[in-house]
Amino acid sequence: MSADARVLAPFARRRAAVSANVATGGYRIFSALDGSGPEPEPGQFYMLATERWGSSSGRPYLPRAFSVADAEAVEGGVRLDFLVEAVGPGTELLAALAEGEGVLLTGPLGRPFSGPAELAPGASGAVLVGGGIGIAPLALLRRRLASAGVPQRVLLGFRDREHSGAVEELVRCEEVRLATEDGHAGHRGYVTDLLAVLLAGDDAQTAAVYACGPPAMLEAVRALCAQREVAAELAMEAPMACGFGSCFGCAIPLASGGYMRLCVDGPVVRADEISTALVEGSGHR
Amino acid sequence: MSADARVLAPFARRRAAVSANVATGGYRIFSALDGSGPEPEPGQFYMLATERWGSSSGRPYLPRAFSVADAEAVEGGVRLDFLVEAVGPGTELLAALAEGEGVLLTGPLGRPFSGPAELAPGASGAVLVGGGIGIAPLALLRRRLASAGVPQRVLLGFRDREHSGAVEELVRCEEVRLATEDGHAGHRGYVTDLLAVLLAGDDAQTAAVYACGPPAMLEAVRALCAQREVAAELAMEAPMACGFGSCFGCAIPLASGGYMRLCVDGPVVRADEISTALVEGSGHR
Amino acid sequence: MSADLSLDLCGLRLAHPVLNGSGTFDAIAARRAFGDAVAERFPFSAYVSKTITPEPRAGNPPPRLFETPAGMINSIGLPNKGLDGFLLEDLPALAELSVPLIVSVMAPSRDGFAHLVEGVGGRDDVAAIELNVSCPNVESGLIVGEQPTETHALLQAVRSLTAKQLIVKLTPNCGDPAAVARAAEEGGADAVSLINTLRATARDPVGLQPWLGAGGGGLSGPAIRPIALDQVRRVAEAVSIPVIGMGGIESGAHAIEFLSSGATAIAVGTANFRDPSAGERIVSELADELLARGMEGRPGAIAGSTST
Amino acid sequence: MSADLSLDLCGLRLAHPVLNGSGTFDAIAARRAFGDAVAERFPFSAYVSKTITPEPRAGNPPPRLFETPAGMINSIGLPNKGLDGFLLEDLPALAELSVPLIVSVMAPSRDGFAHLVEGVGGRDDVAAIELNVSCPNVESGLIVGEQPTETHALLQAVRSLTAKQLIVKLTPNCGDPAAVARAAEEGGADAVSLINTLRATARDPVGLQPWLGAGGGGLSGPAIRPIALDQVRRVAEAVSIPVIGMGGIESGAHAIEFLSSGATAIAVGTANFRDPSAGERIVSELADELLARGMEGRPGAIAGSTST
Ligand SMILES: Cc1cc2nc3c(=O)[nH]c(=O)nc-3n(C[C@H](O)[C@H](O)[C@H](O)COP(=O)(O)OP(=O)(O)OC[C@H]3O[C@@H](n4cnc5c(N)ncnc54)[C@H](O)[C@@H]3O)c2cc1C
Ligand SMILES: Cc1cc2nc3c(=O)[nH]c(=O)nc-3n(C[C@H](O)[C@H](O)[C@H](O)COP(=O)(O)OP(=O)(O)OC[C@H]3O[C@@H](n4cnc5c(N)ncnc54)[C@H](O)[C@@H]3O)c2cc1C
Ligand SMILES: Cc1cc2nc3c(=O)[nH]c(=O)nc-3n(C[C@H](O)[C@H](O)[C@H](O)COP(=O)(O)O)c2cc1C
Ligand SMILES: Cc1cc2nc3c(=O)[nH]c(=O)nc-3n(C[C@H](O)[C@H](O)[C@H](O)COP(=O)(O)O)c2cc1C
Ligand code: FES
Ligand code: FES
């Protein structure tokens, strides 16, 4: 495990008060005021549950993992934003959280994105590639890079208008290039098409690529960057029970053989650590 | 099993909309509009659950049994009133039901109170004895007896002011005699003291006694009526999983040996059917 | 119900693959609560009676129930009228149902089982017999259903006594249910059903003494579904006779998981307690699921198609 | 924590009766996430390592987890660095913890177990050894922990190799865990711990194929607590060595139920995943409960006082 800039979490699950919950094309963004936690690094995640977790079917029982979409030190603590897609019992309860209700959280957890210099020594800038719900961690990354004065390009891909959510909310940014499968906005096709064009440019070798999104997109980015020998980090997903390295459930195959625990060795992984981003049971369908 | 006036239930669990939920000393009374069910008889009960039954602890899983406290045919169906004491996960969810939310119910179930003539041939009137939360089924019984022109006396017992709830709401009735353990209202002591005095009167033999309340109170009533040879019916409680005779969980020992299933052979039992009203695990603590 | 869900279960022609678990739906008591609707809209394609014993039993002292996370413990203790009482009082009422009747029997000895099989098997109103082997054999002191040898010997003792189908209800409280299932098959069983409840206990949260009147009981409900699914899969791989799968089934989706695991039919138990018409709902959900998956027709086919 | 919860567990002096279940709390990884707080506020009175094997193991292919009603199935497959890797890399880090270290070991043969017991037993930093017997013995093909004979033979093979306490981690997947516990005691075990996970499986709700990469796994969490409580009671009645009870424990109230059932100590497993400091909470809840009940002092006393 390489040393990284991960921020440590308080050693306990704590309660944060929900301060907002707004709809954004296809998803919800809710904010919680974390009174006792530190400011997370881009790419880190939290394990979340509501105070009335569970149902007569007995699920959800375990907490659920969520990338921190944005975070800001505010009066009384740190405001944490989460982008949620309701795909099952846990995300449905989280997406339905009302202002004032409590959310139970553990975090920040996991390995964050590295700085461009670290990722690609002498990198001229950063390329952020996001797809669907996967754009979540990019907002915080973008703000941090911007304040560090790192030039960046943002490429975002969406299925259709229904799932084009959160762009405005999350990526307030001059230069965003869009790709949509239904062509309702920007390039008709995949965001990786845009990346391919961009990496064809001469400054490609010195670019540092940061990607998050569905497994298929991450795999396309991984393959492309491997081929063009561009340094890239991917924010991945895997089923997680604990989020702090104790259940060994979040196994992702390593290129070198064996598995890593994505919750402590990831969720941000160097593209060259893995031989594929397609892992059974991992990521959004 | 003696033939009785039980009203049959629709053969399915159904949803009713909560139309009100008010606090009453120590308890909650909530009302639901049952669009498709019949009017219940006094003493019958319903199996209730909320739409978000359960929790991360996996309970409540089974529905919970509740006497119908009052019922009235209204526009759009039958208004059912339930008196709820929050003593655990199920009653807490039910007590918290808000107007407009749904309650899942099966019923009316079980054997209702018999008419005075049936219970005590030539009865000159009815004596209703209730304690604590047990006063629930008396309200409906009282109204039905009143409209049938049956003279009645109502004796109610409460622990203390905190648990003197629902009297006004439920038993709008000229002549109610109260007994409270803390003496804050009426006789200081047990409601069975009042019953003893009353049964000492000469019309005692022709009285029909209807009682519901905590096991200790029911047992005192049973013993007293047995001794004075007064006919009595007791509305009892037992742990119930199904409410319709299928789980055999609600066993109550019979005086004649063996057990009855309280959900189909009760919950109203003739005092002389049992040799004690004190049954392990049954009734409120 | 649009899809054709009918099937042949070891010779029993059933309209659909959803039965009730023994002891979880009392068709006679349900009629007292719900009237003729129970018979007119009977949820199950065959009715499995509560287990009867040679002599009448009162059952266990209360409390008999304890609710657990996503499940419940019961220690009912097989209250029943005994063979004679059942034949005299219950059988005529159950015969009025429009579906085949499967009578569940249990005895403390092989002779006792033989007596029950002969007594029940002699009645035309009875379609099949389920042997509840989750009981000790007084001769050996061993729980019949936990021992392949005991189970095989029991089948040999009763197989010749009736031409009716014999279904063996397996217990989950053993290391290798598949071995017991094989013994049942070799002994001449026509089908096996599983799982019965898992041995469990509870303490009074306040007093800390054992909660149940009988000390211990059996766990059922969604909590045990993952265990049931595993045992059904293992047993279905081990035998060629049909398997009736149960354990925490609450929906058509759950039913399909059991059918995919090799079950030919499934049974609804604890879910009946939450909703008396749960069976009816599960049948229609199953029909919809099968249609949506293009699997209508014999649902047993699912097994072949996806089980491993 | 005001009440004195300290106890003697077969010679181990523990500050309180709450341990972790093997494989459910990685003290080294937790430090990467939470820092030194893990060591400073270590929740457990002894640390039980994840099971190690003679050779390194990568573990099972994903998916390894499936959430079930009030529980979860895992098919992790015992990933570990092997004996040498453990002694070299992990032991020094674990030795920094302020509590006694119990190392869990498993091998496919008695020789393998002997090798592990010698290798681990030789280290001063190791306080005791837990034998995870939920594995097949290649020589017999039988699951050691499901057979009293196998378990007894294993103890005989390793007992003489170390003076350290040997704890046998029993499997719940058998008809009579008490018989296996007795065999362990006769073989010289100093304590038994139970329950391990129950064999279970899951299907992809969409594709219907087996969900877990390894096909099947083990069920844990509140769903199995009633089964665990029953087995703990039976085992505690059968043996005179101390019993470490676990299975779905989430609160001090649950802990007391296990202690009342005859357990001397308890372990927290799946609950750790929901809250990394669940153990700390459970200890303080237990302390409050014992004070409220006037049972402070040796909690083991509870067993005598109320178990039956
Ligand atoms: C590091 C990380 C960061 C993430 N960030 C975000 C984020 O920012 N926003 C977001 O919306 N999501 C995010 N996710 C995904 C999110 O955690 C999952 O969508 C969530 O756990 C789903 O829970 P659920 O109960 O709603 O759905 P589930 O019922 O858990 O179903 C979700 C998927 O899990 C599988 N599944 C179905 N049933 C089960 C079962 N019983 N047990 C196990 N798996 C099952 C299926 O593939 C299903 O599609 C992240 C995940 C990880 C690991
Ligand atoms: C016919 C009938 C009519 C009733 N009418 C009313 C009414 O009008 N109003 C009213 O308020 N109540 C009524 N009750 C009682 C009501 O059904 C119970 O209070 C309710 O079921 C409690 O559920 P709970 O989840 O809130 O509490 P629980 O957690 O179920 O605890 C309630 C009691 O059950 C026992 N218990 C504790 N844990 C468990 C467990 N895990 N499993 C089983 N038992 C446990 C304990 O004795 C505890 O005191 C009636 C009961 C019956 C049978
Ligand atoms: C209250 C109750 C009573 C039961 N009685 C019997 C019985 O008499 N005979 C039998 O073979 N199984 C009996 N069972 C077991 C069920 O038939 C079924 O095998 C088990 O409950 C698992 O299914 P479920 O989880 O859907 O309930 C009973 C189960 C319960 C809950
Ligand atoms: C993810 C996971 C991994 C486990 N790994 C081990 C292990 O390596 N060795 C072992 O003896 N038990 C292992 N167990 C079993 C637990 O130690 C414990 O016996 C079981 O989970 C029951 O307790 P619980 O319900 O509190 O989790 C594991 C359990 C889980 C959930
Ligand atoms: S989620 Fe538990 S180890 Fe990664
Ligand atoms: S509650 Fe099920 S039989 Fe009475």
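Order of the sequence lines sets the chain letters (A, B, ...), proteins ahead of strands, with each chain counted from 1. The figures here come from the full heavy-atom set of this structure, side chains too, leaving out hydrogens, waters and symmetry mates.
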Inset, instruction - Measure from NZ or CZ of C:Arg31 to the centre of the six-membered ring of B:Phe11, then state whether that distance is under 6.0 Å and the direction lies within 45° of the axis. - result: no

Legend entry - Sub-4.5 Å side-chain heavy-atom contact between B:Phe248 and C:Asp26: yes

Legend entry - B:Arg64/C:Glu67 salt bridge by N-O under 4.0 Å criterion: yes

Inset, instruction - State the OG-NZ distance between B:Ser246 and C:Lys50, to the nearest 0.5 angstrom. - result: 10.0 Å

Inset, instruction - Heavy-atom pairs under 4.5 Å with chain C are the metric here; pick the option from B:Gly281, B:Gly258, B:Ala9 that has the most. - result: B:Ala9

Legend entry - Contacting moiety of C:Glu250, where chain B heavy atoms sit under 4.5 Å: side chain

Inset, instruction - Can you see which heavy atom on C:Phe273 is nearest to which on B:Phe244, and at what distance? - result: O-CE2, 4.3 Å

Legend entry - CG on C:Asp275 to CE on B:Met47, rounded to 0.5 Å: 11.5 Å

Inset, instruction - Name the member of C:Leu65, C:Asn60, C:Leu212 that forms the most heavy-atom pairs with chain B at distances under 4.5 Å. - result: C:Leu65

Inset, instruction - Could you check which of B:Cys250, B:Gly54, B:Pro63 has the highest count of heavy-atom pairs closer than 4.5 Å to chain C? - result: B:Pro63

Inset, instruction - Would you please go through residues 268-276 of chain B and name the residues with a non-hydrogen atom below 4.5 Å from one of chain C, in numerical order? - result: none

Legend entry - Most contacts with chain C, counted as non-hydrogen pairs under 4.5 angstrom, among B:Gly107, B:Ala241, B:Gly257, B:Gly110: B:Ala241

Inset, instruction - Could you tell me which of C:Gly71, C:Pro56, C:Gly23, C:Gly269 has the largest number of non-hydrogen atom pairs under 4.5 Å with chain B? - result: C:Gly71

Legend entry - Under 4.5 Å from any heavy atom of chain C - which part of B:Leu109: side chain

Inset, instruction - Would you mind telling me which of C:Ala223, C:Gly213, C:Pro222, C:Ala278 has the largest number of heavy-atom pairs within less than 4.5 Å of chain B? - result: C:Pro222

Legend entry - Distance, nearest 0.5 Å, that separates CD of B:Glu280 from CZ of C:Arg64: 14.0 Å

Legend entry - Closest-packed option against chain C by number of heavy-atom pairs under 4.5 Å, given B:Ala12, B:Pro10, B:Ala49: B:Ala12

Inset, instruction - Please tell me if the side chains of C:Thr270 and B:Tyr61 come closer than 4.5 Å, counting only heavy atoms from C-beta onward. - result: yes

Legend entry - Toward chain B, the part of C:Ser75 with a non-hydrogen atom under 4.5 Å: neither

Inset, instruction - Locate the shortest heavy-atom distance separating B:Val264 from C:Ala29; write the atom from each residue and the value. - result: CG1-O, 4.3 Å

Legend entry - Pairs of heavy atoms under 4.5 Å with chain B: top-ranked of C:Pro62, C:Gly35, C:Ala37, C:Gly59: C:Pro62

Inset, instruction - Go through the atoms of C:Pro61 and report whether side chain, backbone, both or neither lie under 4.5 Å from a heavy atom of chain B. - result: both

Legend entry - Under 4.5 Å from any heavy atom of chain C - which part of B:Pro60: both

Inset, instruction - Pick one of side chain, backbone, both or neither for B:Arg261, based on which atoms fall under 4.5 Å of a heavy atom in chain C. - result: side chain

Legend entry - Residue B:Glu181 excluded, over 12 heavy atoms near CD under 6.0 Å: yes

Inset, instruction - Identify whether the distance between the nearest side-chain nitrogen and carboxylate oxygen of B:Asp265 and C:Arg32 falls below 4.0 Å. - result: yes

Legend entry - Which atoms of C:Asn20 approach chain B - backbone, side chain, both or neither, heavy atom under 4.5 Å: neither

Legend entry - Close side-chain approach of B:Thr106 to C:Pro276, heavy-atom, < 4.5 Å: yes

Inset, instruction - Tell me, out of B:Gly245, B:Ala238, B:Gly243, who's got the most heavy-atom pairs with chain C below 4.5 Å. - result: B:Gly245

